[in-house]
Amino acid sequence: MLWASNGAEPGRGWGLGVIAAPPTTTPAGHPPATERYFLAAGCGLRLGEILGLEVDDIDFDVREVHVRRQLKVLKGRQPFLGPVKTSTSARTVELPDVVAVALRQHLADGCDAVEVDDDTDRRRPVRRAARLLFKGVGGEPVNAATFSRTWATARGAVGLPARWGIHGLRHYYATVLIHAGASVKTVQLALGHSTPTITLNTYVHEWPDALDRTRLLIDGALGGQHETAATPAVSRA
């Protein structure tokens with residue numbers, strides 16, 4: 001799996017590391033899903049976006065991941081492809097080397113297509129063969145509810161609290177960007193939020209030094225002129 005704890009609260013100050021081997025015990029018939037965790041923590045994708053990825057969505061040459069659809073589950077229906085959460089959720093995300101290596105290893109044995117309903121274009125739903133990046137043990141599209149049991153096993157293996165869902169890896173990704181100095185707009189585009197306001201409201205506590213940084217920028221630009229600025233101006237006209 002993908003991180004190593006340094007004792008900090010999950011998502012804050014955690015270092016991106018690699019645990020040598022994924023959990024050896026998983027729910028019956030469900031192998032470890034390490035590559036999916038890399039896409040969540042290394043690219044900030046939602047679970048549905050990860051499960052909806054096809055091989056052609058990964059561009060190893062340009063080092064990009066194209067988020068075009070998501071895998072959805074509705075009561076009484078098998079998993080199907082559908083549009084992403086909002087128009088801005090359809091996006092291109094940078095592919096870090098650590099994620100690319102994991103995906104290349106995952107695809108080393110090939111990737112067979114599976115028949116799945118595709119409702120991405122609601123006006124023209126089709127059933128087609130899709131080379132989904134991730135499939136169940138029987139080659140079928142992954143049911144998110146079933147996958148949650150696999151995640152629970154992996155989560156326990158690295159000591160994450162029970163309340164921590166896989167969505168927490170997406171938050172981890174966001175906080176890594178923020179603490180590295182990324183702007184609100186950059187984080188918004190990477191996460192696919194519909195507006196910068198959503199990003200700011202979600203992560204405002206992760207920009208605690210924003211005001212101090214602003215003061216330092218102005219002080220650096222104006223230098224010692226702050227004393228002169230406080231002196232009433234005298235007209236020389």
Side-chain angles (χ1 to χ4, degrees), residues 1-4 10-11 14 16-60 63-73 79-82 84-85 89 91-114 116 130-158 160 164-174 176 190-192:
M1 265 197 57
L2 206 141
W3 56 80
W14 277 45
L16 194 59
V18 178
I19 291 178
T24 55
T25 56
T26 60
H30 297 281
T34 310
E35 299 82 9
R36 293 168 228 190
Y37 309 149
F38 272 79
L39 281 164
C43 296
L45 272 59
R46 302 174 177 94
L47 178 58
E49 295 171 346
I50 293 171
L51 299 181
L53 284 175
E54 298 184 56
V55 174
D56 290 343
D57 296 326
I58 310 298
D59 191 329
F60 288 106
R63 296 193 298 178
E64 292 178 341
V65 177
H66 302 288
V67 181
R68 299 176 170 124
R69 68 197 74 78
Q70 65 174 322
L71 192 71
K72 306 180 72 172
V73 178
F80 65 97
L81 296 171
V84 288
K85 186 174 182 180
S89 295
R91 63 198 187 279
T92 297
V93 182
E94 301 297 325
L95 178 64
D97 289 341
V98 65
V99 182
V101 168
L103 292 179
R104 284 186 186 277
Q105 292 173 347
H106 173 68
L107 292 171
D109 295 329
C111 183
D112 296 330
V114 58
V116 61
R131 295 180 69 203
L132 295 177
L133 203 59
F134 303 109
K135 296 184 287 292
V137 67
E140 74 284 356
V142 178
N143 187 306
T146 302
F147 177 74
S148 65
R149 295 197 290 274
T150 303
W151 164 247
T153 302
R155 178 185 61 207
V158 295
L160 286 172
W164 228 60
I166 192 171
H167 202 74
L169 299 183
R170 177 172 155 86
H171 293 315
Y172 169 87
Y173 171 79
V176 168
L191 294 176

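- Once rounded to the nearest 0.5 Å, the distance linking CG of Asn143 with CG of Leu71 reads 8.5 Å.
- Summarising the geometry of Asp59 relative to Leu95, their closest heavy-atom pair is O-CD2, 4.3 Å, with the distance given to 0.1 Å.
- When atom types are taken as modelled, the side chain of Arg91 and the backbone of Ser89 share a donor-acceptor pair closer than 3.5 angstrom.
- Between Gly44 and Leu191, the shortest heavy-atom contact is O-CD2, 4.1 Å.
- Without hydrogens or angle criteria, Lys135 side chain to Asp112 main chain gives a donor-acceptor distance under 3.5 Å.
- Looking at every heavy atom in both residues, Arg69 comes nearest to Gly52 through NH1-O, 3.2 Å.
- Looking at every heavy atom in both residues, Ala144 comes nearest to Val73 through N-CG2, 4.1 Å.
- Here the closest heavy-atom approach between residue Ala190 and residue Tyr173 is recorded as CB-OH, 3.5 Å.
- Side-chain contact of Arg36 with Thr150: a donor-acceptor pair under 3.5 Å is absent, judged by distance alone.
- Ring planes of His106 and Phe134: tilted class, angle from 30 to 60°.
- To the nearest 0.5 Å, atoms CG (Leu53) and CZ (Arg68) are separated by 9.5 Å.
- Side-chain atoms of Arg131 do not come within 3.5 Å of backbone N or O of Asp56 as any donor-acceptor pair.
- Smallest separation of non-hydrogen atoms from Val99 and Cys43: CG1-SG, 4.2 Å.
- With values rounded to the nearest 0.5 angstrom, Leu51 atom CG is found 10.0 Å from Leu39 atom CG.
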